[in-house]
Structures are given as structure tokens and as C-alpha cells.
Amino acid sequence: ADFEKDISGRITPRDGPIVLRNPHIDDLAEDVLYHLDLSDKKNDLPAMFGDVKFVCFGGSPKRMEKFAHFMVKELNINIQAGMTLSNISHGSDRYVLYKVGPVLSVSHGMGIPSMSIVFHEVLKLLYHACCKDVKLFRLGTSGGLGLEPGTVVITDAAVDGLLRPYMEVATLGMLLQHPAFLDRDLCEELQAIGSADTSYNTVIGKTMCTYDFYEGQARLDGAFCDFTVEDKLAFLKRIHDRGVLNIEMESLCFAAMAHRAAVKSAIICCTIVDRLQSDQISASHEMLEDWQGRCQQIVAKYIRRHLNIQ
Ligand code: R2B
Ligand code: URA
């Protein structure tokens, strides 16, 4: 399958069925989604997942379990007495996967390699299940630049540690570059929803995605460091001047893979530290929960609106 591209190589994300740009998948006798503990032969994926419209990814398994319980309330779903939500991927202890009506809540772990594996398998799951009109969200945490911690950042472009807007993957001994464009309309709709709550700010900007939390994000507090405070601040100011509002570790992969699949997607992260002020994350557990809840509420409102739930 080839998607419509503009002159910059940008694919317009679209509604409709999930299309896999891999001619080999349909030749497989069985497709084992190993890290999710699912298979298109052993499980009736269309029956289990055919109604999915929203997939929400987040780093931590606990947080995505909490998000699933939160969505039960938000979507007014009745769980019968004695029943509970269960982790569909419990047979693999790599990721968690919960389904709440048309919403999937999936953990992706930390960093691009972990995100990449679960993204491949979730996209294939959606394909085998014949899902249509699906939207993808990453709900995350990040380090902000010049923003009050707790600010929500919606990513309009993901860049790597060299400010390049694509994910580079070594494939068959070549470096292939996958552009990490995101859907502008979705960004603006989410920002409008976030801005309705004036107790914090919701902003749109670039997100830098790094391969490391410490030196990769110009931190001075890792086990190793070869640069000075001045070097660190000069770098952070330089990327801030180029439009980077926050730094995290999965946006480039998420955006590049969603773009390649032509699926509408958005990245919404709270900031949990202002990196121009500090390297260490010292907010209390309650604070961190409260900040992460902001992203969950914004995405929940978006989903309710699109399901016509008052
Ligand atoms: C944000 O938080 C994690 C690092 O603490 C990482 O997964 C990310 O992107
Ligand atoms: N996640 C990151 O990757 N960096 C931060 O500074 C905070 C959360």
C-alpha cells in the first residue's frame, strides 16, 4: 500500500481501515504477537478488538492500568459485580494491555526500542482485528524547558537529539530515515480541550526525543558526565530557541510509526521538571499523579466528545 504524500514526503493521516505496509504478513500461516501474548490464529482478534477506535499508550504498566479504570468511569461502563478489568497480555510480562469499550490502554516501557516493539504488534493487532477509524495517543511525562512543572505539552513535531525531524533506523546495514510528522488538527483540538482548565497551561510545540535520560538530555547528575553547567545550559537554550518545549524518550518513534501507517495520532505529555532550573525530579508522588492526570483527562474528554457521551 502506498499513501498519498505531499512534496515534503508528508503522508496525510486518514480514517478508514488499518493498512499494513508489509506484503509478507498475509503470507504467514500464523502471526504471533509475541510480546502481547496474542496470535491471529489462537485468538479471535476481530471479535476481541474489532470495535477499537482509540489506542492510548503510556510508559508505565501501573499508570496504564489506572487509565483503564479511569476510562471505565468516563465512558459510564458497567462492570458486573464480581468482575474486574483484566490485563489481556498477562501471559507476557513485557507490556500490559487493557480494553475498555472502544479504548485500548497499553504500556510501552521506556525508550524507542521498547516503544517500537509494542507499536509494531499493536498495529498488527488492529489490522488483524479489521479495526477502522482508529486514533492513537501517547500520554507521557517529560522534562520541560522554561515551563512551570505541570504544564501540558502537545507535540506538533518530534525531533531527535540533533534536532532532526525523523527517526533513523539501521536496516540491512543502511540508515533509513522515517519522518516524524504529526496531525496538526488533532494537536489543536487537544489544546482547546486542555485550555478549558485554566489551573495549568496547555501548549503546542516541538518535543526532543533522546536515547538516554541522563547525558542524552544534558543532565549533570548521571553516573557519567563530561560537560559543564555552562555547556548544558547553552545546549538547552539553543534547542529552546529552536522551538523545543520538552524532552522525553519515545515521541520520535511513536510519531514516525504512526505517520508511516497514516494513522491519526497525538502526543500529550505533562512536564514534571523545568530543565532550565533542575535535573532532578523532586516532585511528590501526589504531585506527579496530579500532573499525569491532566493528560488523561484531556484525552478522556476528547474520546467522550467523539463518542457523543455528554
Ligand atoms: C519520560 O519518562 C521516562 C523517563 O523517566 C521516559 O519513558 C520518558 O519518555
Ligand atoms: N522524562 C524524560 O525523559 N525526561 C525528563 O526530564 C522527565 C521525564
Side-chain angles (χ1 to χ4, degrees), residues 35 56-67 94-96 105-119 122 136-155 157-163 167 180 182 200 203 205-223 225 227 229 232-233 235-237 239-240 244-258 265-285 287-296 299:
H35 304 86
C56 301
F57 292 86
S60 120
K62 276 265 149 52
R63 204 193 321 140
M64 295 325 284
E65 181 184 357
K66 272 190 72 176
F67 180 70
R94 299 296 186 179
Y95 302 100
V96 300
S105 180
V106 197
S107 67
H108 59 58
M110 285 192 285
I112 287 178
S114 182
M115 165 62 90
S116 168
I117 293 168
V118 78
F119 196 105
V122 167
L136 310 177
F137 299 91
R138 159 165 150 74
L139 292 81
T141 59
S142 61
L145 294 176
L147 300 171
E148 188 185 333
T151 300
V152 171
V153 179
I154 298 162
T155 305
V159 296
D160 74 358
L162 301 173
L163 289 167
M167 172 172 70
L182 286 152
Y200 60 90
V203 295
K206 280 191 194 145
T207 297
M208 177 173 275
C209 179
T210 66
Y211 291 91
D212 171 53
F213 181 82
Y214 288 99
E215 291 168 281
Q217 297 187 7
R219 279 189 159 81
L220 298 162
D221 62 345
C225 187
F227 48 83
V229 189
K232 163 194 154 175
L233 288 175
F235 172 73
L236 293 179
K237 291 202 174 107
I239 65 173
H240 188 226
V244 174
L245 292 186
N246 62 342
I247 311 178
E248 45 75 275
M249 301 181 64
E250 297 84 17
S251 57
L252 197 65
C253 173
F254 177 82
M257 293 179 92
S265 64
I267 300 170
I268 171 162
C269 292
C270 62
T271 62
I272 59 173
V273 59
D274 178 359
R275 292 302 319 292
L276 299 181
Q277 305 296 331
S278 163
D279 289 342
Q280 297 249 316
I281 294 162
S282 53
S284 67
H285 182 72
M287 263 323 219
L288 292 169
E289 288 287 303
D290 191 41
W291 293 340
Q292 288 168 31
R294 294 174 180 175
C295 297
Q296 299 193 353
V299 171

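Ligands are counted one by one from 1 in listed order, and the atoms in each one are counted from 1 as well.
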#### Entry: Considering all heavy atoms, the nearest Tyr95-Ser114 contact
OH-O, 2.7 Å

### Heteroatom distance test (Met249, ligand 1): nitrogen or oxygen, under 3.5 angstrom
yes

### Where ligand 2 meets Ile247 - atom numbers and elements under 4.0 angstrom, heavy-atom basis
2 (C), 3 (O), 4 (N)

### Task
For Glu248, counting its heavy atoms only, list the atoms of ligand 1 lying under 4.0 Å from any of them.
9 (O)

### Message
Please check: side-chain N/O of Arg219 versus main-chain N/O of Asp279, any donor-acceptor pairing under 3.5 Å?
### Response
yes

### Query
Can you tell me the protein heavy atom closest to atom 2 (O) of ligand 1 and the distance?
Thr141 OG1, 3.1 Å

### Query
Considering only protein heavy atoms, which is closest to atom 5 (C) of ligand 2, and at what distance to one decimal place?
Gly143 N, 3.3 Å

### Task
Measure across Gln217 and Glu248 and return the closest heavy-atom pair with its distance rounded to 0.1 Å.
NE2-O, 3.8 Å

### Query
Considering only protein heavy atoms, which is closest to atom 5 (O) of ligand 1, and at what distance to one decimal place?
Phe213 CE1, 3.5 Å

### Message
Tell me the contacting part of Met115 for ligand 1: side chain, backbone, both, or neither, using a 4.0 Å heavy-atom threshold, strictly below.
### Response
neither

### Task
State the atoms of ligand 1, each with its element, that fall below the 4.0 Å cut-off from a heavy-atom position in Arg138.
9 (O)

### Query
Just which atoms of ligand 2 are under 4.0 Å from any heavy atom in Phe213?
1 (N), 2 (C), 3 (O), 4 (N), 5 (C), 7 (C)

### Message
To check your reading of the model: name the closest protein heavy atom to atom 3 (C) of ligand 1, its residue, and the distance in Å.
### Response
Met110 SD, 4.0 Å

### Query
Who gets closest to atom 6 (O) of ligand 2 by heavy atom: Arg219, Met110, Glu248?
Arg219

### Message
One residue to check: Val273. Relative to ligand 2, which of side chain, backbone, both or neither has a non-hydrogen atom less than 4.0 Å away?
### Response
side chain

### Task
Determine, using heavy atoms of Gln217 and all atoms of ligand 1, whether some pair is separated by less than 4.0 Å.
no

### Query
Does some side-chain heavy atom of Thr141 sit less than 4.5 Å from a side-chain heavy atom of Trp291?
no

### Task
Kindly assign one of parallel, tilted or perpendicular to the pair Phe57 and Phe119, based on the angle between their ring planes and the thresholds 30° and 60°.
parallel

### Query
Is a donor on one side and an acceptor on the other found under 3.5 Å between the side chain of Asp274 and the backbone of Pro149?
no

### Closest protein heavy atom (residue, atom, distance) for atom 9 (O) of ligand 1
Glu250 OE1, 2.5 Å

### Message
Quick check against the 3.5 Å criterion: does Glu250 have a side-chain atom that pairs as donor or acceptor with the backbone of Ile112?
### Response
no

### Query
Measuring from Thr210:OG1 to Asp212:CG, what's the distance to the nearest 0.5 Å?
6.0 Å

### Query
Any N or O on Ser142 sitting closer than 3.5 Å to an N or O of ligand 1?
no

#### Entry: Check: Val118 main-chain N/O paired with Arg94 side-chain donor or acceptor under 3.5 Å
no

### Task
Provide the number and element of each atom of ligand 2 under 4.0 Å from a heavy atom of Ser142.
1 (N), 5 (C), 7 (C), 8 (C)

#### Entry: Check: Ser107 side chain, Val96 main-chain N or O, donor-acceptor pair, under 3.5 Å
yes

### Query
Looking only at atom types and distance, does a side-chain atom of Ser60 sit under 3.5 Å from a main-chain N or O of Arg63, one as donor and one as acceptor?
yes

### Message
Counting only heavy atoms, tell me which of Gln217, Gln280, Glu250 gets closest to atom 3 (O) of ligand 2.
### Response
Gln217

